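Below you'll find the structure, written out as structure tokens, and then a few comments.
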Amino acid sequence: MSQARKINVGLMGLGVVGGGVASVLLDTDQQVSAQVGMPVTLKKVLVRDSSRQRDTSVPVEMLTTDPEDLLGDPDIDMVVEVMGGIDPAARYLSRALASGKHVVTANKEVMAKHGPELFKAARQGGANLLFEASAGGGIPIIGSLMGQLLANEIRSIRSIINGTTNYILTRMAYQGAQFSNALAEAQEQGYAEADPTNDVEGYDAVYKISILASLAFHQRVPPEDVYREGISRLEPQDFRYARELGYAIKSLAIATLDPEGVGARVYPVLIPVDHMLGKVDGVYNAVEVTGSLCGQVLLHGMGAGRGPTTSAVVGDLIDIGRRIQAKEPPADAGFSGSSGRKPLPVRSMDDLHTRYYIRLNVTDQAGVLAQISRILGDLGISIASVLQKDTFPQDQTAELVITTHPSREASVQEALRLVGSLGVVNRVSNMLRIEE
Ligand code: NAP
Ligand code: HSE
């Protein structure tokens with residue numbers, strides 16, 4: 001590392017986020033240097049294609065397509081990774097940390113899948129590793145879990161942490177927009193991942209809740225232990241029926257801790273329209289944390305886009321810069337800070353106990369409801385309400401919307417299998433859980 005009293009930064013990626021970070025670092029006011037208390041200089045920027053036209057003021061001679069220009073340069077003190085993807089990002093970060101370069105990353109996939117190895121490399125290299133932008137965009141949730149909320153036993157996190165999904169759901173709910181048009185708008189705004197399947201099928205939120213749950217519960221909750229459902233099966237009538245019942249539809253990423261274990265899941269839910277999470281619209285994100293001392297805390301803000309993400313990345317950069325300036329040892333970051341207890345098992349989805357919304361397409365004739373309610377009753381599922389919605393006289397079918405009292409997931413899944421096999425049921429059109 002350079003011994004000079006300045007900090008040289010190597011930036012990996014110059015897209016939506018990298019462009020924002022570069023412009024803050026190149027700003028002639030030198031705000032970052034002033035905040036850190038010593039000069040902070042952008043030295044090299046790694047891209048895939050250095051000949052591409054870009055909307056940034058980064059001098060072309062600063063661009064490189066060779067990672068060695070950053071990783072092999074002993075004068076670069078800190079690497080800011082905003083490229084995305086697993087490979088080569090994880091390899092580059094591991095090497096940077098092991099060689100003592102500090103790292104700031106916005107890469108939730110790398111942190112969720114390879115966090116433990118990276119923390120280990122950071123300890124070996126005596127380097128800091130910060131990742132505030134990896135969940136919640138401009139919302140300072142990671143710093144809160146690693147700092148101000150530490151006095152609590154965190155009991156649950158309920159969050160809207162994918163801006164693209166929330167943007168799409170909001171456009172579908174209020175403007176009746178087609179799914180594909182709303183997604184295209186989110187992509188134009190720079191909210192979506194390189195592969196938007198990651199957003200709409202819930203993978204992005206899985207990585208984020210894996211990181212948040214691991215920090216909150218002081219034990220690793222890997223992405224493969226997070227149950228996931230996307231939003232692509234939602235249809236306009238789900239939004240209409242939900243609203244009639246007093247609910248909004250939101251994709252929530254939830255993590256819970258109880259004596260039996262930890263649970264983590266991402267799926268669209270019905271949530272009361274007047275619940276704070278039910279009112280979070282557009283690209284906004286929100287994270288509700290329930291702690292043993294603080295009670296319920298709700299953080300709300302922009303979850304994606306250049307400005308909010310740059311805010312989180314540069315905040316981390318300044319934080320590390322100040323540590324370097326003060327000659328402080330690296331912060332001992334990790335997913336398993338001491339909680340004084342053994343890691344708890346991950347709870348099976350089968351044991352989830354919640355309310356359900358079920359939409360069925362049935363033959364419009366006498367006795368149908370009796371057959372369905374018998375199956376539900378036999379499995380101990382108590383019906384809270386039944387609505388017969390749109391009827392289709394041309395083929396004598398109707399939509400039936402059933403809500404249940406709290407029931408066990410495994411029983412509901414079995415009931416849906418049995419109901420779906422009834423001759424009078426044409427389709428189990430949708431099943432959503434209800435959050436209160
Ligand atoms: P982006 O616009 O697609 O930009 C990616 C940048 O990385 C591009 O400049 C690209 O180079 C460069 N790059 C990608 N692969 C590379 C490789 N193998 N070698 C060298 N350069 C490479 O992505 P983004 O939206 O800025 O997102 C970056 C990261 O931030 C991701 O991890 C994302 O999940 C995270 N994030 C994004 C947001 C958001 O709102 N966009 C919010 C929070 C977190 P070229 O320009 O030459 O193609
Ligand atoms: N694609 C992500 C989102 C970017 O829409 O929330 C922020 O992580």
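These numbers were taken from a predicted model, which means no experiment stands behind them. Order of listing sets the numbers, starting from 1, for every ligand and every atom in it.
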Enumerate the pairs of nitrogen or oxygen atoms, one from ligand 1 and one from the protein, separated by less than 3.5 angstrom; state names and distance to 0.1 Å.
residue: ligand 1; atom: 2 (O); partner: Val16; partner atom: N; Å: 3.0
residue: ligand 1; atom: 9 (O); partner: Leu14; partner atom: N; Å: 2.8
residue: ligand 1; atom: 9 (O); partner: Gly15; partner atom: N; Å: 3.2
residue: ligand 1; atom: 11 (O); partner: Arg48; partner atom: N; Å: 3.2
residue: ligand 1; atom: 21 (N); partner: Arg48; partner atom: N; Å: 3.3
residue: ligand 1; atom: 26 (O); partner: Val16; partner atom: N; Å: 3.2
residue: ligand 1; atom: 26 (O); partner: Val17; partner atom: N; Å: 2.9
residue: ligand 1; atom: 34 (O); partner: Lys108; partner atom: NZ; Å: 2.9
residue: ligand 1; atom: 34 (O); partner: Glu193; partner atom: OE1; Å: 2.8
residue: ligand 1; atom: 34 (O); partner: Glu193; partner atom: OE2; Å: 3.4
residue: ligand 1; atom: 40 (O); partner: Gly305; partner atom: N; Å: 2.6
residue: ligand 1; atom: 41 (N); partner: Gly190; partner atom: O; Å: 3.1
residue: ligand 1; atom: 46 (O); partner: Arg52; partner atom: NH1; Å: 3.0
residue: ligand 1; atom: 46 (O); partner: Arg54; partner atom: NH1; Å: 2.8
residue: ligand 1; atom: 46 (O); partner: Arg54; partner atom: NH2; Å: 3.2
residue: ligand 1; atom: 47 (O); partner: Arg48; partner atom: N; Å: 3.0
residue: ligand 1; atom: 47 (O); partner: Asp49; partner atom: N; Å: 2.9
residue: ligand 1; atom: 47 (O); partner: Arg54; partner atom: NH2; Å: 2.9
residue: ligand 1; atom: 48 (O); partner: Arg48; partner atom: NE; Å: 3.3
residue: ligand 1; atom: 48 (O); partner: Arg48; partner atom: NH2; Å: 3.1
residue: ligand 1; atom: 48 (O); partner: Arg52; partner atom: NH1; Å: 3.0

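- Annotation for ligand 2: atoms under 4.0 Å from non-hydrogen atoms of Ala192 are 1 (N).
- With 3.5 Å as the limit, one finds no donor-acceptor pair spanning the side chains of Thr354 and Glu435.
- Under a 4.0 Å heavy-atom criterion, Gly303 is in contact with ligand 2.
- Of all the atoms in ligand 2, the ones that sit under 4.0 Å from a non-hydrogen atom of Asp199 are 1 (N), 2 (C), 3 (C), 5 (O).
- Between Ser385 and the options Thr404, Val401, Ile402, Leu245, a side chain to side chain contact (heavy atoms under 4.5 Å, CB included) holds for only Leu245.
- Results of the salt bridge (Lys or Arg N to Asp or Glu O under 4.0 Å) test with Asp73 over Lys44, Lys101, Lys43 single out Lys43 as the only residue that passes.
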Quick one: do Glu399 and Tyr241 satisfy side-chain hydrogen bond (donor to acceptor under 3.5 Å, both in side chains)? Show the steps, please.
CA-CA 10 Å; Glu399 291 253 82; Tyr241 303 154; 3.2 Å; yes
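- With distances taken over non-hydrogen atoms, the option nearest atom 7 (C) of ligand 2 out of Gln187, Gln189, Lys208, Met302 is Lys208.
- Atom 6 (O) of ligand 2 has as its closest protein heavy atom Gly163 N, 2.7 Å.
- For Ala106, no heavy-atom contact with ligand 2 is shorter than 4.0 Å.
- Taking the six-membered ring where tryptophan is involved, the planes of Phe131 and Phe335 are perpendicular, since the angle between them exceeds 60° and thus also 30°.
- Salt-bridge check for Lys108 with Asp204: passed, with a basic side-chain N closer than 4.0 Å to an acidic carboxylate O.
- Counting heavy atoms closer than 4.0 Å to ligand 2, residue Thr164 contributes atoms from both its backbone and its side chain.
- Atom 8 (O) of ligand 2 has Lys108 NZ, 2.6 Å as its closest protein atom, hydrogens excluded (heavy atom only).
- No option in Val24, Val17, Thr105 other than Val17 meets the side chain to side chain contact (heavy atoms under 4.5 Å, CB included) test with Val313.
- Under a 4.0 Å criterion applied to the non-hydrogen atoms of Tyr191, ligand 2 contributes the atoms 1 (N), 2 (C), 3 (C), 4 (C), 5 (O).
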Dump the intermediate steps for side-chain hydrogen bond (donor to acceptor under 3.5 Å, both in side chains) on Glu409 and Tyr227, then the final yes or no.
CA-CA 13 Å; Glu409 173 88 13; Tyr227 178 82; 4.9 Å; no
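- In this structure, the side chain of Asp69 does not engage the main chain of Thr64 through any donor-acceptor pair within 3.5 Å.
- Ion pairing of Arg433 with Glu229 is present here, as a side-chain N (NZ or NE/NH1/NH2) and a carboxylate O approach within less than 4.0 Å.
- Applying the side chain to side chain contact (heavy atoms under 4.5 Å, CB included) test between Tyr267 and each of Met349, Arg228, Met431 identifies Met349 as the sole match.
- Atom numbering of ligand 2 starts at 1 in the shown order; those under 4.0 Å from a heavy atom of Glu193 are 1 (N), 2 (C), 4 (C).
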